[in-house]
Structure formats: C-alpha cells, structure tokens
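Beneath this line is the structure, given in structure tokens, with notes to follow.
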Amino acid sequence: MRKTGIKSTIAAGAGCALLALLATPPAAAAPTLAEALAGGKPSLDLRLRYEGVEQDNTLRDADAITLRTRLGYSSAAWYDLTAFVEMEHVAALRDDYAPEQAGYSVVSDPSGAEVNQYGLRYAGVPGVTATLGRSRLMLDNARWVGNVGWRQNEQTFDGAFLKYNGIDTLTGQYAYLGTVNTITATNADVDGHLLHLAWAPLPALTLSAYAYLLDYAAGTETDSDTFGLRAAGSVALNPSFKLLYAAEYARQNATLGTSDFDADYLHAELGLGLRPLTLKLGYERLGSDGGAYGLQTPLATKHAFQGWADVFLSTPANGVEDLYASVSGTLGPVQLTAAYHVFGADAATPADDYGSEIDLSAGMALVGKLRGLLKVADYSADDFGVDTR
C-alpha cells in the first residue's frame, strides 16, 4: 500500500533544501554568537486547572488539580539563524484521576516533565522559514494536525519543517515527522510526510489542499494516507452582519494488519455573524468502510471537535456523524459559547443513535495577562458510551 518511492523522494528533496538553506552564506554583518544568545527572550506560562469527570459506570468520579509550567527561551538571530527551547512540567496537585490512579475516570493530563520544543530556525531566504527539531504544528483548523492546546501536556512533533509565504495569497508547508510527542507523555515513532497548500484568491475565500502520509512503527497506530480539499471564509454583508462558511472533503486509505480500508471525511458549516453574536450550524462525518473501519485523525486537536466530553477521541468502526449548532458572543467582558451536538453512526446499523451533548463555556480576562475559563460538557448516551459530565 505504501508509496515508499514517492515518500523517499519527498524526504530527500526536503532534506537537501533544508541543508541548502542552512548553508547559505550571510549577506551582511551579523551580531556575534554571544550577542545573539544574550539578546534572546525568555518566556513563562502558567496554567492552573481543576477538571472533574462523572460517568455512569463503575469508575470513581475523577478530580484533577494540575499546574502546567512552561519556561522557554529563544535567541536573537545570528546569520538569520535562531535557537529555541521550551521546558514543560505538569504537577498533579490533586491526583484522584486516571492515569495517576487506577479505578478513576480519565483526565488526560498525566504529571511529568519534558522538553516541549527545541531546535534551530532559519529565515535567511525571503519568504521561507526552515525549522529543524521539535515543534508544535497547526494546519487549517487543526482537524488533521494540531497541538491539542486544551490539554496540559501539548502535542509536538520531532522533524523538519519548511514553510513558504513569499506570495501574499499563497502559503505552502511541508513537514517530515519522525516522532509524535503525544498528550499522554508517550512517543509514537512515525515516518510521516505532511504537505499543505493554502491559497486566498479573494478576501472572502481561502482554499486548502493537503496530503498527510503516515507510516507508524509496527503495532503503534494505523498507517494511513489522507488527501483532502477545504474552502473557508466569510462575507461581510454590512458592518454588523456577515456570512461565514466552511466546506471540506477528504479521502483516507488505511492499512490495519493485512487489510486495507477506505473512508471519507465530510464537513459543512454555515454561520451568521450578528454583532455581538455568532450563530453556526454544521455537519461533520468521519466515515466508515462498511462498519469495519472508522476514519481516524491521529494528529488532530480532537478536543475541539465532536463535543468537549471527548467521547469520540477514537472513531468507532461504524464512523461518526455530528450534527451541531452553536452560539457564541460577549456579555460585557465575558466571552460565552453554547453548543449542542447530535451524534450518530455513518454505517447503517440497528443501533445508530450514539447520543447527544451540551457544551457551555465562559471566559474573560482577569488581571494583566491572567485569564479565567469555566467549561462544562454533558454527554447523554443512547447507543454509544455512557453518560459523561
């Protein structure tokens, strides 16, 4: 199934391009290495969270209080080359949750420390940025590739990254991935090639095309090739009213053991911006291959889709259909969001009504750079999972 010749050619080409960029001689005088290091910028980010989970099963209710600390440093440019590093530590101040303790519902914020990001970034060629090391990566709306920013332990990737934005309306990105550093503090070895093009021919339209080719180490994840197209944008009808839209289709070919599967992805969304409110109605389908395989998005920011209760982090074999509506807006300094989801199966089965979910959130700036957020998800199960709050 694998296109090893194509993928090897892509990898070799990208590697040569990256080495050529790094070898480009300086065109003008630059600060010394010591000056570049001394002129860098440190960063500090703290996030304290309480998360509770109640499920209608035999597991005990989870209570997690965690503190995430990120400490980073980025050097000043030296011959257009910058170095960066970011440490991340998650402390479980209250650990009545799995995986910290067995027998509890899961909160996917394990305690521990890691190097979240590190590497070298070169920007000496106009319109081109080359990065080598460990980095976060987000493409489009993060449905296929994201950093899972909601979780305390961020998802990052080890590899080589190239980005071109030398033309105002065109952006191209390529990434070779060797390791996925997941939110559960485990690493997944992968031979991954990500290609992404975005073109904005009109202010109201952005078109994206992508190919995500993933070969995992044996037994860790399902190998897959995914090709897709996306269109999104907004049209201002008057100063206080605009139309928002998104449409996307993708086809995934996957290998599981000795079997190959094909599944489709479909997303359509319409929205109205009526200051200070935004209303959206959407439909998303992660398809199934006849009930034998459900389309997977292993690199995605999954929490942002199909409800915040995280019931569908792994797509069931019958696939998932999500019909949803949301309203968001501001009430004074408070940012409010409410959403309602109805879930069903893509493959025809006797039990195809999965359940429904209500999501609510309220966030606001507090003091200085301090922000607060309250978030609630309530999943009511019909034929899939259990009631989860």
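Just so it is clear, the model here is predicted, and its values are computed rather than measured.
- Considering all non-hydrogen atoms of both residues, Thr66 and Gln152 come closest at OG1-NE2, 3.0 Å.
- The neighbour count for Arg275 CZ, taken as heavy atoms of other residues, nucleotides or ligands under 6.0 Å away, does not exceed 12.
- In this structure, the side chains of Glu357 and Asp322 stay at 4.5 Å or more apart for every pair of heavy atoms.
- Shown here for Ala309 and Tyr379, the closest heavy-atom pair between the two residues is CB-CB, 4.1 Å.
- Not a single donor-acceptor pair under 3.5 Å links the side chain of Glu114 to the backbone N or O of Met87.
- In this structure, Asn147 and Thr301 have side chains that are in contact, with non-hydrogen atoms separated by less than 4.5 Å.
- Heavy-atom contacts from other residues, nucleotides or ligands closer than 6.0 Å to CH2 of Trp150 number more than 12.
- Two rings, from Tyr174 and Tyr176, have their centers 6.0 Å or more apart.
- Checking Asn181 against Asp158 by side-chain atom types alone, a donor-acceptor pair falls below 3.5 Å.
- When side chains are defined from C-beta on, Glu248 does not count as touching Leu266, because their heavy atoms never get closer than 4.5 Å.
- Looking at Asp95 and Gln101, their side chains do bring a donor and an acceptor atom within 3.5 Å of each other.
- In this structure, the separation between CG on Leu281 and OG on Ser326 is 9.0 Å, given to the nearest 0.5 Å.
- With a 4.5 Å cut-off on side-chain heavy atoms, Val107 and Arg151 count as touching.
- Residues Thr297 and Tyr212 fail the side-chain proximity criterion, which asks for heavy atoms closer than 4.5 Å.
- A donor and an acceptor atom, one from each side chain of Thr131 and Arg121, are located under 3.5 Å apart.
- Look at Arg389 and Asp56 and you find a salt bridge, because one of the NZ, NE, NH1 or NH2 atoms lies within 4.0 Å of a carboxylate O, short of that distance.
- Ionic pairing of Arg47 and Asp109 is not present here: no N-O contact between side-chain nitrogen and carboxylate oxygen is shorter than 4.0 angstrom.
- Under the 3.5 Å distance criterion, with hydrogens and angles disregarded, no donor-acceptor pair is assigned to the side chains of Ser224 and Thr222.
- Between Phe312 and Phe384, a ring centre-to-centre spacing shorter than 6.0 Å is recorded.
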Dump the intermediate steps for side chain to side chain donor-acceptor pair (under 3.5 Å) on Ser380 and Asp387, then the final yes or no. CA-CA 5 Å; Ser380 298; Asp387 291 352; 5.0 Å; no

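- No donor-acceptor contact under 3.5 angstrom links the side chains of Thr182 and Gln155, judged on distance only.
- Between Glu86 and Arg136 a salt bridge is recorded (basic side-chain N to carboxylate O distance below 4.0 Å).
- Atoms CH2 and CG, from Trp199 and Leu197 in turn, are 11.5 Å apart once rounded to the nearest 0.5 Å.
- A donor atom on one side chain and an acceptor atom on the other are found under 3.5 Å apart for Asn253 and Asp262.
- Contact annotation: the side chain of Val320 approaches that of Phe343 to within less than 4.5 Å [non-hydrogen atoms, C-beta and beyond].
- Taking a cutoff of 4.0 Å between a charged side-chain nitrogen and a carboxylate oxygen, Asp96 and Arg94 qualify as a salt bridge.
- A distance below 6.0 Å separates the ring centres of Tyr293 and Phe261.
- Judged by a 6.0 Å distance limit and a 45° cone about the ring axis, Arg230 is not positioned over the six-membered ring of Trp144.
- In the model, His196 has a side-chain atom that pairs as donor or acceptor with a side-chain atom of Asp140 under 3.5 Å.
- Closest approach of Ala204 and Tyr245 over heavy atoms only: O-OH, 2.6 Å.
- Interatomic distance, CG of Leu120 versus OG1 of Thr82, reported as 7.5 Å (0.5 Å rounding).
- Counting heavy atoms from C-beta outward, His89 and Arg68 have side chains that stay 4.5 Å or more apart.
- In this structure, the side chain of Thr315 engages the main chain of Leu295 through a donor-acceptor pair within 3.5 Å.
- Between atom CG of residue Leu137 and atom CZ of residue Phe161 there is a gap of 6.0 Å, rounded to the nearest 0.5 Å.
- Defined by atom type and a distance below 3.5 Å, a donor-acceptor pair is present between the side-chain atoms of Gln335 and Arg371.
- Contact detail for Asp359 and Ala377: the closest heavy-atom pair is OD1-CB, 3.3 Å.
- Cluster partners of Ile358, using a side-chain heavy-atom cutoff of under 4.5 Å among ILVMFWY residues and allowing indirect links, are Tyr340, Val342, Leu360.
- Annotation: the span from Arg285 atom CZ to Tyr265 atom OH amounts to 11.0 Å, rounded to 0.5 Å.
- Panel note: side chain Arg134, backbone Val115; a donor-acceptor pair is recorded below 3.5 Å.
- Using a cutoff of 4.0 Å between basic side-chain nitrogens and carboxylate oxygens, Arg70 and Glu154 are scored as salt-bridged.
- Taking 4.5 Å as the limit, every side-chain heavy atom of Val128 sits out of range of all side-chain heavy atoms of Tyr122.
- A donor-acceptor pair shorter than 3.5 Å can be found between the side chains of Asp264 and Tyr249.
- If you check the side chains of Glu100 and Ser111, you find a donor sitting under 3.5 Å from an acceptor.
- Atoms CD and OG, from Glu321 and Ser288 in turn, are 10.5 Å apart once rounded to the nearest 0.5 Å.
- Between Gly291 and Ala317, the shortest heavy-atom contact is O-CB, 3.4 Å.
- Linking ILVMFWY residues whenever their side-chain heavy atoms come closer than 4.5 Å, directly or via other members, leaves Val180 and Ile183 in distinct clusters.
- Remark: the Asn165 side chain and the Thr171 side chain contain no N/O donor-acceptor pair separated by less than 3.5 Å.
- Residues Leu313 and Lys302 share a closest heavy-atom pair of O-NZ, 2.9 Å.
- The residues Lys375 and Glu51 are annotated as not salt-bridged, no charged nitrogen and carboxylate oxygen being separated by less than 4.0 angstrom.
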